[in-house]
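The basis for the numbers below is simple: all heavy atoms, side chains too, and nothing from hydrogens, waters or symmetry mates.
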Amino acid sequence: MLASLSMFSVLAAVASMPQKIDPMKNCTLEWVDQTLDHFAYTSEYYKTFKQRVFVCGEENWTPGDPIFFYCGNEADVTLYVKHTGLMWENKDAFKALLVFAEHRYYGETLPFGNESFSNQNIRYLNHEQALGDYASVIREFKKSRKAEASKVVAFGGSYGGMLAGWLRMKYPTSIVGAIAASAPLVAFTGMGLPSYDIPNKTFGNSFWEIVTRDATPAAGARPNCDSAIRSAFSTLLEMGKSDQGRVTLSKIFKTCSVLKDEKDVHSLAMIQLFAFDNMAMGNFPYPSDYLTGQTGNVGVDMPAFPMRESCKEMVTENGTAPTTPEGLLKALDQAAGIFNNVTKKVTCLNTSIDVEQDGIWDFQWCTEMQPQETYFSRTGTTDMFWEYDFNMTFVNNHCKEKWGVTPRTKWLVTEYGTVDQIGQFSNIVFSNGFYDPWSSGGVYFNSTENGILSLTIAEGAHHLDLMFSNPKDPQCVKDVRNAELGEIRKWLSQ
């Protein structure tokens, strides 16, 4: 989904920091003995593994003062240590200690080492075990520091934001509140969003509709960019039906080997699609290497508002697109190259990689149906791509074949309820940016009585509010950050 380390997937997005200080220098690493299975009453309960936790700023912290706790996402936790500016920039004002816990099976927190990803061993990967880990880390950490009086605020973005919200819902005595940024918490069947209900052949299409909106004047892009991209994909897929067409595509997109069949053509199309996915996620108001850094290009920034830049490759300023098929495809190559060739050094495009199943996040889709846009439908009309109907039969067969499991489509709504029941919980801020495709599954519900607050960022991409502040930040994200800090003050004073 939201956050994996594969090249063509969506990660919890936080932009590169404007300051030059490396936050890691202010942190100490601790390896915590963690229970393998929090819900077993057999020998499994006594098995443990080492969980990686970073503790930052302890030299200036006094037990009893607050703790800001980051709920690690499906990636190396150092990513969030380095980029979650909302925590770093406000820790001194709150006299808070920062703790960043890594999610089991990601980064270096591997319960079975190199054997962690076998079908037998990966079965302990789910959000419920992760929440058990975080609640345990908080309890044991406070005990070890004699800091039982310290109040804890959870933070997280994307899947981490979902975990922060769920942590407050399931373990309300562990934390006093949660900042759940860009968290598609209700992108599950039965939770109240028709576009995320199964069966529904347009399942998840609202995600791609927002990606498409980012390529329109409504998000600052040139006119007709979305229609030009749609035409380019149509041309690509049609040309890919013949041998000669595939030769032409191979030359235009500089593939590492000649496209042999329509399966190769589909891979080529998906690579272009995921480039727009990543640019929409990272449609920040300043240059950022967050998404590109996860493909090994640390320090190589995408430009500010990359979707706008990609549209400059697709159409002229007045919205005129190339008129020939080859011209349209060359424009698509250049537009997607804002992400795919961010280094300007890529000599050929590798279409043989698995661009669709997102590493071990696919296991979390195949069990809990944690959102993964790979499977989301596309209409080719309400979005700028091509038609693809959601197919639960395909999903069931794929999950059984690859992981030996079948998705439980209704468990999450059983566990947490529908969107209109969120008011039964308390002290959670949900933020959503309108440039962010994951806002399609976000919470827009307020309950002032219980401290449930929904905040929107009109010019915000994926959890812009959690990032380090930047002079180019729009006023709307400054206002949201101030509102979040205000809620934290309330929680800590209760």
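Residues Ile179 and Leu466 form a side-chain contact, since some pair of their non-hydrogen atoms from C-beta on lies under 4.5 Å apart. Residues Lys201 and Ser377 are not in side-chain contact: their nearest non-hydrogen atoms beyond the backbone lie 4.5 Å or more apart. Phe276 is listed as a side-chain neighbour of Phe233, based on a closest heavy-atom distance under 4.5 Å. Contact of the Asp383 side chain with the Val211 side chain is not registered, since no non-hydrogen atoms from C-beta on lie closer than 4.5 Å. The closest side-chain heavy-atom distance from Ser426 to Pro172 is not below 4.5 Å. Thr212 has its side chain within reach of Phe385: a pair of non-hydrogen atoms, C-beta onward, lies under 4.5 Å apart. With contacts defined as side-chain heavy-atom distances shorter than 4.5 Å, the pair Phe112/Gln120 does not qualify. In this structure, Trp88 and Val81 have side chains that are in contact, with non-hydrogen atoms separated by less than 4.5 Å.
Not one N or O on the side chain of Asn283 forms a donor-acceptor pair closer than 3.5 Å with the backbone of Asp436. No donor-acceptor pair under 3.5 Å is formed between the side chain of Ser182 and the backbone N or O of Gly157. Of the possible polar contacts, one joining the Lys151 side chain to the Leu492 backbone as a donor-acceptor pair under 3.5 Å is found. A donor-acceptor distance shorter than 3.5 angstrom exists from the side chain of Arg104 to the backbone of Leu36, with no hydrogens or angles considered. In this structure, the side chain of Arg230 engages the main chain of Gly380 through a donor-acceptor pair within 3.5 Å. Side chain of Tyr134 to main chain of Ala164: no donor-acceptor pair is present (N/O by atom type, distance under 3.5 Å, no hydrogens or angles). Although no hydrogens or angles enter the test, the distance criterion places no donor-acceptor pair under 3.5 Å between the side chain of Trp31 and the main chain of Phe49. Asp197 places no side-chain N or O within donor-acceptor distance of the main-chain N or O of Thr189, the cut-off being under 3.5 Å. Side-chain atoms of Lys142 come within 3.5 Å of backbone atoms of Ser150 as a donor-acceptor pair (strictly under, hydrogens ignored). Looking only at distances, no side-chain donor or acceptor of Thr48 sits under 3.5 Å from a matching main-chain atom of Asp33.
Around atom NZ of Lys263, no more than 12 heavy atoms belonging to other residues, nucleotides or ligands sit under 6.0 Å away. Within 6.0 Å of the CG atom in Asn114, the count of heavy atoms belonging to other residues, nucleotides or ligands does not exceed 12. Atom CD of Glu148 sits in a crowded spot, with more than 12 heavy atoms from other residues, nucleotides or ligands closer than 6.0 Å. Within 6.0 Å of the CZ atom in Phe39, the count of heavy atoms belonging to other residues, nucleotides or ligands exceeds 12.
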Determine, step by step, whether Phe68 and Thr84 satisfy the side-chain contact (heavy atoms from CB on, under 4.5 Å) criterion, reporting the C-alpha distance in whole Å, the side-chain angles of both residues, the deciding distance to 0.1 Å, and the verdict. CA-CA 11 Å; Phe68 287 175; Thr84 310; over 6 Å; no

I'd like to know whether Glu484 forms a side-chain contact (heavy atoms from CB on, under 4.5 Å) with Leu86, so could you lay out the CA-CA distance, the side-chain angles of the two residues, the decisive distance to 0.1 Å, and finally the verdict. CA-CA 10 Å; Glu484 290 168 340; Leu86 187 67; 3.5 Å; yes

For Leu97 and Phe141, what are the C-alpha separation, side-chain angles and deciding distance, and is it a side-chain contact (heavy atoms from CB on, under 4.5 Å)? CA-CA 11 Å; Leu97 177 69; Phe141 183 87; 3.3 Å; yes

Would you please test Thr456 and Tyr444 for side-chain contact (heavy atoms from CB on, under 4.5 Å) and show each step? CA-CA 9 Å; Thr456 57; Tyr444 299 90; 3.8 Å; yes

Given side-chain hydrogen bond (donor to acceptor under 3.5 Å, both in side chains), test Asp133 with His103 step by step and report yes or no. CA-CA 8 Å; Asp133 293 343; His103 195 296; over 6 Å; no

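The pair Arg481-Glu89 does not meet the salt-bridge criterion, since no charged nitrogen lies less than 4.0 angstrom from a carboxylate oxygen. A salt bridge does not link Arg408 to Glu128: none of the charged side-chain nitrogens sits closer than 4.0 Å to a carboxylate oxygen.
Between Tyr375 and His398, the two ring planes are tilted [angle within 30° to 60°].
Less than 6.0 angstrom separates the ring centroid of Tyr80 from the ring centroid of Tyr70.
Partners of His127 by ring pair (Phe, Tyr, Trp, His ring centres under 6.0 Å), not counting sequence neighbours, listed by chain and number: Trp166, Tyr416. Residues forming a disulfide (SG to SG under 2.5 Å) with Cys399 (at least two apart in sequence, or on another chain): Cys366. Listed by chain and residue number, Tyr196, Phe203, Phe207, Trp438 satisfy the ring pair (Phe, Tyr, Trp, His ring centres under 6.0 Å) test with Phe376 (two or more places apart in sequence, or in another chain).
We find the CG-CZ distance between Asp389 and Phe394 to be 13.5 Å, quoted to the nearest 0.5 Å. Within the model, atoms CG of Asn427 and CD of Gln494 stand 5.0 Å from one another, a figure rounded to the nearest 0.5 Å. Separating the CD1 atom in Ile488 from the OG atom in Ser493 is a distance of 12.0 Å, to the nearest 0.5 Å. Rounding to the nearest 0.5 Å gives a distance of 5.0 Å between CG of Leu485 and CZ of Phe94. With values rounded to the nearest 0.5 angstrom, Phe363 atom CZ is found 7.5 Å from Asn126 atom CG. The distance from atom CG of Leu455 to atom CD of Glu487, rounded to the nearest 0.5 Å, is 7.5 Å.
Here the closest heavy-atom approach between residue Asp465 and residue Ser431 is recorded as OD2-OG, 2.7 Å. Looking at every heavy atom in both residues, Phe468 comes nearest to Lys82 through CE1-O, 3.3 Å. Residues Pro407 and Met369 approach most closely at CB-CG, 3.7 Å, considering heavy atoms. Contact record, Ser174 with Val152: O-CB, 3.6 Å, taken as the closest heavy-atom pair. Between Met384 and Ala215 the shortest heavy-atom distance is SD-CB, 3.8 Å. Here the closest non-hydrogen pair linking Leu167 and Ala154 is CD2-CB, 4.3 Å.
Glu115 and Ser118 are not linked by any side-chain donor-acceptor pair at a separation below 3.5 angstrom, with hydrogens and angles left out of the test. For the residue pair Gln34 / Gln51, a side-chain donor-acceptor distance below 3.5 Å is found, with atom types taken as modelled. Asn121 and Tyr105 are not linked by any side-chain donor-acceptor pair at a separation below 3.5 angstrom, with hydrogens and angles left out of the test. Side chain to side chain, Thr382 and Asn205 meet the donor-acceptor criterion of an N or O pair below 3.5 Å.
Among the candidates Thr109, Thr78, Asn73, the single residue satisfying the side-chain hydrogen bond (donor to acceptor under 3.5 Å, both in side chains) test with Glu102 is Thr109.
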